[in-house]
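A short worksheet on the structure shown next.
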Number of protein chains: 2
Amino acid sequence: MKQITKYIIRNDLKRLFTYRLCLIGFKRKGFDRVYSYNLGEEAGVTAEQVRKDFSVFKIKGNKKGGYKINDLLRSIEEIFKYQHNQHVILVGMGNIGRALVQYKRFILRKMIIVASFDIDPSKQSKRFGIPVLPMDMMSEIINKFHVKVAILAVPEISAQDAANKLVDKGITGILNFAPVILKVPDEIIVNNINLCDELESVIYYTQKVM
Amino acid sequence: MKQITKYIIRNDLKRLFTYRLCLIGFKRKGFDRVYSYNLGEEAGVTAEQVRKDFSVFKIKGNKKGGYKINDLLRSIEEIFKYQHNQHVILVGMGNIGRALVQYKRFILRKMIIVASFDIDPSKQSKRFGIPVLPMDMMSEIINKFHVKVAILAVPEISAQDAANKLVDKGITGILNFAPVILKVPDEIIVNNINLCDELESVIYYTQKVM
DNA sequence: TATATTTTGTGATTTGTTTCACATTATATT
DNA sequence: AATATAATGTGAAACAAATCACAAAATATA
Ligand SMILES: NC(=O)c1ccc[n+]([C@@H]2O[C@H](COP(=O)([O-])OP(=O)(O)OC[C@H]3O[C@@H](n4cnc5c(N)ncnc54)[C@H](O)[C@@H]3O)[C@@H](O)[C@H]2O)c1
Ligand SMILES: NC(=O)c1ccc[n+]([C@@H]2O[C@H](COP(=O)([O-])OP(=O)(O)OC[C@H]3O[C@@H](n4cnc5c(N)ncnc54)[C@H](O)[C@@H]3O)[C@@H](O)[C@H]2O)c1
């Protein structure tokens, strides 16, 4: 029911992700400490915002000494449960699905697409490094790898149907690329990615803001 | 400087996009009028929120009669300047770039990828329906099609460099898929898409919310 | 035509988020 | 060791967003 507000990434989480990106950048440049204003400047927020965010997540720095980058990164990773790999499945090996299963950064962040599924038998091969399986093998894989999260990359017309199957088989989180408002039980997390909207909003802002 | 807050889609815009999606759904189901509570329920927000949003964007309904779906859609399209096609270029014909140039929904929404660019000569062909060109033809295309917005889909390491080129040639808005905080002049709009973050936040919520 | 009903539209109020301001503390300096 | 400096951490204040509450208007009903 509370789709939009419930499912989008909260702004504070989004900033946390950005801080991590900045920290990795600083680290690569040879720094091992940062102050809140360094991070703020890099991430495009105020230093107070940075400290407040850390305060909310109980991340502590060192007065006068700032934050040790490695400690910060570890604290942030702690929040996102980085200890163990997260198994994920993908449904729909079309244009976007193929790109996603080949995206190495998911693995770097310990998110493993263990298998993908497609109704089209011609897509069912091992060409992509991971198995592409028929839909009726989904339960087996979900149970075997304890999968809780799925990436949904099927055509709009099939999206609700595929989502039903996923929920049915025990999936509790969906990253949905189809521009469709999925009807799912309240406890299921849906994060809708709508790239048309994203591109369009860039166009909107370029025309309005300047 | 104010990267994060400035560049993300404002929540009210995001909701407007969602309303449109819902309206298209209602229309397909045969409705021609909706009330704020229909839209609210479908989009996952309160009816008051729907009316307030419309109020902000000066969209008027009919007391007791609700909103005519076609009028609403037209009003929303008005906000996003749907009259004429928007020309866009894409840089980086890798996995994600290839998926995007073949995405038909951009065209439905009148956003036309007029050409794409890659440093790798082997990618420069017409296999994808649009020309894939060498980088030194960028200025020509940007000027010819009055392009203001670019999709950036190059490796992280090249992203800043490619962004510099784009800004240099007159691009004012970038949809950036590389997980990199781009350093661009203040007036340039950057919308960062970070699919790792998006997937990770689904995992986060499935573990925390329930 | 008068009255009841339903829904919009929007100020007023509440709730949530960001910024401010400063006490606190770690480090540097004398 | 005492003092100055520079940073964090966090309540309080300011600001922004969402909800409430109800007047206004359109339609339906009697
Ligand atoms: N291509 C893009 O760049 C892009 C961008 C954003 C969003 N999307 C969205 O992602 C989705 C997929 O887009 P695409 O371009 O990859 O489409 P596509 O047609 O290339 O691929 C869809 C795949 O899903 C499979 N499929 C269809 N019905 C299925 C079902 N019920 N169960 C399992 N598999 C099924 C098809 O066999 C096909 O392989 C669409 O909803 C689209 O709007 C695509
Ligand atoms: N593959 C995905 O699903 C995915 C998902 C999210 C984000 N991304 C991001 O998108 C970007 C591209 O990812 P990919 O998987 O498509 O990579 P890729 O390696 O498949 O493709 C990158 C393409 O960019 C070209 N290129 C490299 N340097 C260039 C330059 N300076 N100018 C122009 N072209 C250049 C390469 O020749 C190649 O064709 C990366 O930053 C990645 O992190 C990818």
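Model, not experiment: these values are computed from the prediction. Just so it is clear: chains get the letters A, B, ... in the order the sequence lines come, proteins before strands, and each one is counted from 1.
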- prompt: Is the side chain of B/Asn191 donor-acceptor paired with the backbone N or O of A/Glu198 at a distance under 3.5 Å, no angle test?
  reply: yes
query: Which whole-number value in Å describes the distance from A/Asp71 CG to D/dT8 C1'?
result: 15 Å
Under-4.0 Å side-chain N/O to phosphate OP1/OP2 contact, A/Ser55 with D/dG9: no
query: Which of the following nucleotides, C/dT8, D/dT10, D/dA26, is nearest to the side chain of B/Arg51?
result: C/dT8
field: Polar contact flag, side-chain donor to acceptor under 3.5 angstrom, A/Asn143-A/Lys169
entry: no
- line: Assign each of B/Arg33 and A/Gly66 the nucleotide of DNA chain D bearing its closest heavy atom; nearer the 5' end lies the nucleotide of A/Gly66
message: Ignoring hydrogens, what is the shortest heavy-atom contact between A/Asn194 and A/Pro179? Give both atom names and the distance.
response: ND2-CB, 3.6 Å
message: What is the distance, to the nearest angstrom, from the CG atom on B/Asn11 to the C1' atom on C/dG16?
response: 12 Å
- prompt: Are any of A/Asn62's side-chain N or O atoms less than 4.0 Å away from OP1 or OP2 of C/dT27?
  reply: yes
message: Expressed as a whole number of angstroms, how long is the span from A/Lys14:NZ to C/dT18:P?
response: 14 Å
query: With a 4.0 Å cut-off on heavy atoms, is B/Phe54 in touch with a base, just the backbone sugar-phosphate, or nothing at all?
result: nothing
- prompt: Any side-chain N or O of B/Lys60 under 4.0 Å from OP1/OP2 of C/dT10?
  reply: yes
- line: Closest of D/dG9, D/dA26, D/dA21 to the B/Glu48 side chain is D/dA21
- request: May I ask you to decide whether A/Arg74 forms a salt bridge with A/Asp71, counting only side-chain N to carboxylate O separations under 4.0 Å?
  value: yes
- prompt: Taking for each residue the nucleotide of DNA chain C bearing the nearest heavy atom, is the 5' side occupied by A/Gln49 or by A/Lys63?
  reply: A/Gln49
query: Between atom CG in A/Asp53 and atom C1' in D/dT8, what is the gap in whole Å?
result: 14 Å
task: Using a heavy-atom cut-off of under 4.0 Å over every strand shown, decide if A/Gly61 touches base, sugar-phosphate, or nothing.
output: sugar-phosphate
query: B/Tyr35 or B/Lys52: which one's nearest nucleotide on DNA chain C is closer to the 5' end?
result: B/Tyr35
query: Given atom CZ of B/Phe57 and atom C1' of C/dG9, what is their separation to the nearest angstrom?
result: 16 Å
Member of B/Arg28, B/Arg105, B/Lys104 meeting the salt bridge (charged side-chain N to carboxylate O under 4.0 Å, His left out) criterion with A/Glu156: B/Arg105
message: Whole angstroms only, please: what is the NZ-P distance between B/Lys58 and C/dT8?
response: 18 Å
task: Write down the distance between CD1 (B/Ile59) and C1' (C/dT8), rounded to a whole number of angstrom.
output: 14 Å
Check: D/dT5 base within 3.5 Å donor-acceptor of A/Lys64 side chain: yes
